[in-house]
Amino acid sequence: MEKCPGNTNVSADDSNLNFMKNYMILNAPQRIVVMVLCTLLGLLCALENLTVLYLILSSHRLRRKPSCLFFGSLAGADLLASAVFACSFVNFHVFHGMDSNTVLLLKIGSVTLAFTASVGSLLLTAIDRYLCLHYPPAYKILLTPRRALGALGIMWVFSAVISYLPLMGWTCCPSHCSELFPFVPNNYLLSWLLSIFSLFSGIIYIYGHVLWKAHQHVASMAEHQDQQFPGMARIRLDVRLAKTLGVVLAFLLICWCPVLALIVYSLTTKLSDQVKKTFAFCSILCLVNSLVNPVIYALRSGEVRSAAHHCLAKWKKHLRGLGPEGKDDAPRSSIVKTEADVKTTQQADSGGLVSSGC
């Protein structure tokens, strides 16, 4: 790895260009693929997460539910990831944009913040599900909206501090630079890895505990398959939720393990251009995870779906009111809206424990 710009006798521009060539390793066809993937995934991810944020922020009831606050935090982090990661990644790898060291570290820090806060929000969501399932009578006392906001504040501050450390001076000069991120030292990457592994360990432990409890419930139901006993309904809900969490955990690991494994590998040996290209494409999997998060979490919530149906009914009524026969249709559309609200509310009540709140 060459030394950082400014440590040689050549001009600053030539030194910076030579230094950046170590990271701009994609050929022309690969740059086209990256541009198409990042553009499509970034737009879809932004649209989904904007929808979730609008539904939560526009509903006073949802804004006061801890689970929905965590969904909103997750959507905000994934929205930031869709914008910052997609734009920065395309600008750097496709158009070879040459920013100043400060701007480049700001972009890297913002991408790190987005993905770290996304994983942190997933951990808080896992804790929320654990409390909901294991302490249902005391859930609303243990996790109030104020405590949920406090936990989110601590998580975002922690994510921001650890993400912007390189921008605040922890750079690779005179330390050894990472072969994956310009101006980022390997010892900082090791510290960030320890932090992100701690978050993942918490998620895996909590979801694993829920899955183990569900396994015990399945065995219990098999022994009493011809009987009904108190708590059978909740056990069935626990099992259904555990199956969902199993899919969530598997998808989370599939998207993140390749990136984390390659970062760990980069700390132990010198990387070839082929490995760097593999890392560039694996990084896009993190954006895929941000794209799927709203579907797995928020849009599976009965309450969020109820809010979406309510908004759609209002917009349909508004659009009919703008038509030439809007006045004649107004009473009828109001009745349709009321019936839709009743139906979606019933659906939310029946499925809320499984996918959203207790």
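- By the salt bridge (charged side-chain N to carboxylate O under 4.0 Å, His left out) test, Lys277 pairs with no residue at all, sequence neighbours left out.
- Few gaps surround CZ on Phe281; more than 12 heavy atoms of other groups in view lie less than 6.0 Å from it.
- Considering every non-hydrogen atom in both Val119 and Ile203, the closest pair reads O-CD1, 3.7 Å.
- The hydrophobic clustering, which links ILVMFWY residues whose side-chain heavy atoms are closer than 4.5 Å, places Ile127 and Leu152 together.
- Under the 4.5 angstrom side-chain criterion for Ile, Leu, Val, Met, Phe, Trp and Tyr, Val103 has no cluster partners at all.
- Within the structure, salt bridge (charged side-chain N to carboxylate O under 4.0 Å, His left out) pairs that include any residue of residues 107-121 comprise Asp99-Lys107 (at least two apart or interchain).
- With rounding to the nearest 0.5 Å, the separation of CE in Met155 from CG in Leu123 is 9.0 Å.
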N/O donor to acceptor pairs below 3.5 angstrom from side-chain atoms of residues 69-79, sequence neighbours left out:
unit_1, atom_1, unit_2, atom_2, d
Ser73, OG, Ser121, OG, 2.7
Ser73, OG, Trp156, NE1, 2.9
Asp78, OD1, Ser118, OG, 2.8
Asp78, OD1, Ser290, OG, 2.9
Asp78, OD2, Asn293, ND2, 3.1

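- Hydrophobic clustering, with ILVMFWY side chains joined whenever heavy atoms are under 4.5 angstrom apart, groups Ile204 together with Leu199.
- Arg64 CZ to Leu149 CG: the interatomic distance, rounded to the nearest 0.5 Å, is 9.0 Å.
- Note on Ile254: it does not cluster hydrophobically with Leu37, by side-chain heavy-atom contacts below 4.5 Å among ILVMFWY residues.
- The structure places CG of Leu62 at 9.5 Å from CG of Leu57, a figure rounded to the nearest 0.5 Å.
- Both Tyr23 and Ile263 belong to a single network of hydrophobic side chains, linked directly or stepwise wherever heavy atoms of I, L, V, M, F, W or Y lie under 4.5 Å apart.
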Tell me, with the steps shown, if Ile284 and Cys38 meet side chain to side chain contact (heavy atoms under 4.5 Å, CB included).
CA-CA 7 Å; Ile284 302 177; Cys38 286; 4.3 Å; yes
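- Side chains of Met24 and Lys276 form no contact here, defined as non-hydrogen atoms less than 4.5 Å apart.
- When all heavy atoms of Leu253 and Pro258 are compared, the pair lying nearest together is O-CD, 4.1 Å.
- No side-chain donor-acceptor contact under 3.5 Å links Glu48 to the backbone of Pro294.
- The side chain to side chain contact (heavy atoms under 4.5 Å, CB included) search around Thr144 returns Arg146, Arg147, not counting sequence neighbours.
- Contact check for Tyr54 versus Asn49: no side-chain heavy atoms found under the 4.5 Å cut-off.
- For Val84, the side chain to side chain contact (heavy atoms under 4.5 Å, CB included) test picks out Leu80, Ser88, Ser110, Val111, with sequence neighbours left out.
- Remark: Val161 pairs with Val157 by the side chain to side chain contact (heavy atoms under 4.5 Å, CB included) rule, at least two apart or across chains.
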- prompt: Under the ring pair (Phe, Tyr, Trp, His ring centres under 6.0 Å) criterion, do Phe200 and Tyr205 qualify, and how do the steps go?
  reply: CA-CA 8 Å; Phe200 272 106; Tyr205 174 78; over 10 Å; no
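- More than 12 heavy atoms of other residues, nucleotides or ligands sit less than 6.0 Å from atom CZ of Phe197.
- Applying the ring pair (Phe, Tyr, Trp, His ring centres under 6.0 Å) test to Tyr130 and every residue at least two apart in sequence or in another chain returns His134, His209.
- Under the rule for a side chain to side chain contact (heavy atoms under 4.5 Å, CB included), the partners of Leu267 that lie at least two apart in sequence or sit in another chain are Asn186, Leu189, Leu190, Leu193.
- Put simply, the side chain of Thr112 never gets that close to the backbone of Ser163: no donor and acceptor are under 3.5 Å apart.
- From Leu40, atom CG reaches atom SG of Cys45 across 12.5 Å, with rounding to the nearest 0.5 Å.
- Applying the side chain to side chain donor-acceptor pair (under 3.5 Å) rule to pairs touching residues 190-201 yields Thr116-Trp192, sequence neighbours excluded.
- Counting only residues at least two apart or in different chains, ring-ring contact (aromatic ring centres under 6.0 Å, His included) contacts with residues 91-119 comprise Phe85-Phe115, Phe89-His93, Phe115-Trp256.
- Scanning both residues, Leu122 and Tyr207, for their nearest heavy atoms gives O-OH, 4.4 Å.
- Taking CG of Leu167 as the reference point, atom CG of Asn101 lies at 11.0 Å (rounded to 0.5 Å).
- Rounding to the nearest 0.5 angstrom, the gap separating the CZ atom in Arg129 from the CD1 atom in Ile206 is 11.5 Å.
- Smallest separation of non-hydrogen atoms from Leu105 and Pro166: CD1-O, 3.7 Å.
- For the residue pair Leu47 and Thr51, the shortest heavy atom distance occurs at O-OG1, 2.8 Å.
- Contact record, Trp170 with Pro185: O-CD, 3.3 Å, taken as the closest heavy-atom pair.
- A continuous path of ILVMFWY side-chain contacts below 4.5 Å connects Tyr265 to Val259, so both sit in one hydrophobic cluster.
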